[in-house]
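Please read the structure below before turning to the comments.
Sequence lines set the chain letters: A, B, ... in the order given, protein chains first and strands last, and positions in each chain run from 1. These numbers were taken from a predicted model, which means no experiment stands behind them.
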2 protein chains.
Amino acid sequence: MDKEITIYDIARKLSISPTTVSRGLNNHPAVNKNTKQKIFDAANQMGYRSNTFASKLRKQRTNTIGVIVPRLDSSFQSSVMAGMEKVANEAGYNLIISQSLETADKEVANARTMFENRVDGLLVSLAYDTENIDHFEPFFSKGIPLLFYDRVPENKKCTSIVINNIQAAHNATSHLIEQGCKRIVHISGNLKINVYKDRLKGYKYALMDANIPIKEDYIIETSLSEQAGIDAAKQILQMNPRPDGIFVANDNCAVTCIKTLKQEGVRIPDDIAIVGFNNDSITRVIDPNLTSIDYPGYEMGEIAVRSLINYLDGVSDVSITNTITLDSELVVRESSLRKVNQPTVLSKG
Amino acid sequence: MDKEITIYDIARKLSISPTTVSRGLNNHPAVNKNTKQKIFDAANQMGYRSNTFASKLRKQRTNTIGVIVPRLDSSFQSSVMAGMEKVANEAGYNLIISQSLETADKEVANARTMFENRVDGLLVSLAYDTENIDHFEPFFSKGIPLLFYDRVPENKKCTSIVINNIQAAHNATSHLIEQGCKRIVHISGNLKINVYKDRLKGYKYALMDANIPIKEDYIIETSLSEQAGIDAAKQILQMNPRPDGIFVANDNCAVTCIKTLKQEGVRIPDDIAIVGFNNDSITRVIDPNLTSIDYPGYEMGEIAVRSLINYLDGVSDVSITNTITLDSELVVRESSLRKVNQPTVLSKG
DNA sequence: TTGTAAGCGTTATCAC
DNA sequence: GTGATAACGCTTACAA
């Protein structure tokens, strides 16, 4: 392992000062063009690489953004990460990524690591069982910008980026109502998490707006796993009278639900119409194709990093204090589109 | 923004030397228990956090592992990342992740950043259009361990972790042959990439072993995109005589291929049997469920990081010089399983 | 346009 | 057990 080349070595070789070398390498305007060229040439030839730690130590800025994510192996989260990485990289930032694996314990440890690593800013999507955000206190008190996305805390003081889950769920449910559904079940996720809580709200509001009474039996709280979709489907098949519409809080779960219903001879959408959430690629694989809410993950990642960097650069000091809400969109496919629209229902509206 | 607390502040407060504070915080055995306790208490109370940059600058070890990945938003790659993060985190390493977006240019830039950030080791899965690995030269010459996974260079000198693509493709193709297929098409990816090149080899070897002549027309090189599956299906429908088996180098593409064939009235697996590759979750969504090769992404990530850390810790200096090959497995589902096995074929064997 | 010198916060070395 | 001192390699006043 040969010795690392430093700016001192370059300086010695060119008989100039380390200061000038440093300035040259950083493209400081006040350095003579020739000198600069010589410096770059020498650096390349000698195999120099900047020591970012010395630089970060001196500059007190790390150009690093931390990300704490529930799971990396999720189709939604990996789109978000892709968007984040792209913007960060373009702006010269590194991303340190860690996953909480949906547990608060690991999230606490991750937050600590991020803090020790002096990230310039932190992006967080909360774990399944995170009940409070005390572990981010050091960031608040040190003034390190902290931005939550998707799974955000209830606390309104936090900057966050979300989609309007209430509105999206309202649209999804209203769509089912327009298709003539009267008995609509909602398969929800953990209701302690903001996104699922809000989707439930949107579902309820839509029913209220259509003067359809809310039945607590029609609200099934699940883990949204593949198995949960199967279980929920079985539960629905037992109901009497049988529901004629289902709004599921995620696509994966909706898919196994559909498969189970089909196996039992239920015709979709004619007997039961179904809407999912996320617009994952599986919506176009399942037969019938699944109506879903398009949820802009990649864009959310881009915006999260861009907001953070703008704040760090002092470009914007406003946006960081607010909640950014992204648009989402109902994408109608066969799973909810009945061939024959009920004119009676439509004329009622 | 209050001033950062350093070990000097703690030392001053406790009237001891910074050296002792440093030792205490690092749990050095030669420090008095009482002193240690006092140091920890003071550190907590004063809100001290270690400056990792100063430490890294001094120690010349970063506890950081770099990862360069073609795309973060891929189901396979995100499982790999998840496995990597888990092991790295447990061992006290940070992960710096960047994506090449399948271009060699970005990969070169990423490699440079990783080098400047003095990662202790680097994990790489090559971009689509990477033709050589000169940009990793600095790692070789500095003795920084470099480990390729999945998309590895042809150069045999590189340490790499792969699955046995030849064997896996051989199994897939042989399975189709056992199911009675005589005219088997292979939908391949970019043949410059090792994984696709090897899968093609496995396909050819299996045909050879069964004394089935290889037809170049039956080898379709594509981008493996969803559209590619549609296009390939159309091309196959034009062939005369019509093929009766398809081995596709990835599941996404296989799925759109199946959908297109079904639309044209082809019965699967009776008219055409199909096998994919990756065992993505969509294999269980498409109807009929897709036979595929189970490709252990999560495990690959775990092993990659574990090997690297073992090497860094001096535990193993052997494994890093070799190629690690993981097992993969053919998972048979309806898309290739013909209800009635052809006894004639079986008795021939 | 270039140089001098101080300091960022740790830790390794040597001494006691 | 503890302490003094000198690096680690870079940037930035300040000076020239």
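- Atom CG in A:N27 sits about 14 Å away from atom P in C:dT1, given to the nearest Å.
- Atom-to-atom, CG of A:N32 to C1' of C:dT2 comes out at 10 Å; the value is rounded to the nearest Å.
- A distance-only check finds a donor-acceptor pair linking the side chain of B:N132 to the backbone of B:D134 [under 3.5 Å].
- Judged as a ring-ring contact (aromatic ring centres under 6.0 Å, His included), and not counting sequence neighbours, A:Y298 has no contacts.
- Remark: A:R112 pairs with no residue by the side chain to side chain donor-acceptor pair (under 3.5 Å) rule, at least two apart or across chains.
- Comparing the local axis fitted to the first five base pairs of the helix from C:dT1-D:dA16 to C:dC16-D:dG1 with the one fitted to its last five gives a bend of 30°, rounded to 10°.
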Exercise. For nucleotides 10-16 of chain C, read 5' to 3', which letter fits each nucleotide if B means a protein heavy atom sits under 4.0 Å from the base, S means only the sugar-phosphate is that close, and - means neither?
Worked result: BBB----
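- Taking A:R49 as the reference, A:E4, B:F115, B:E116, B:R118, B:K142, B:I144 meet the side chain to side chain contact (heavy atoms under 4.5 Å, CB included) condition, with sequence neighbours excluded.
- From the 5' end on, the contacts that DNA chain D makes with chain A at under 4.0 Å to a non-hydrogen atom open and close at D:dG9 to D:dT12.
- Nucleic acid contact for B:T52: none, since no nucleic acid atom lies under 4.0 Å from a heavy atom of the residue.
- Positionally, the nearest nucleotide of DNA chain D for B:V31 lies more toward the 5' end than for the other of B:L57 and B:V31.
- Partners of B:E102 by side chain to side chain donor-acceptor pair (under 3.5 Å), not counting sequence neighbours, listed by chain and number: B:R151.
- Between B:M46 atom CE and C:dG9 atom P the separation is 13 Å, expressed in whole Å.
- Considering only residues two or more places apart in sequence or on other chains, B:E107 meets the side chain to side chain donor-acceptor pair (under 3.5 Å) condition with B:T130, B:H135.
- Taking B:E90 as the reference, B:K86 meet the side chain to side chain contact (heavy atoms under 4.5 Å, CB included) condition, with sequence neighbours excluded.
- For the side chain to side chain contact (heavy atoms under 4.5 Å, CB included) test, residues two or more places apart in sequence or in another chain that qualify with A:T6 are A:Y8, A:D9.
- Residues that satisfy the side chain to side chain donor-acceptor pair (under 3.5 Å) test with A:Q45, not counting sequence neighbours, are A:K13.
- Scanning all heavy atoms of the two residues, the minimum distance from B:L126 to B:P153 falls at CD1-N, 3.5 Å.
- In this structure A:N32 satisfies the side chain to side chain contact (heavy atoms under 4.5 Å, CB included) test together with A:N34, A:T35, sequence neighbours excluded.
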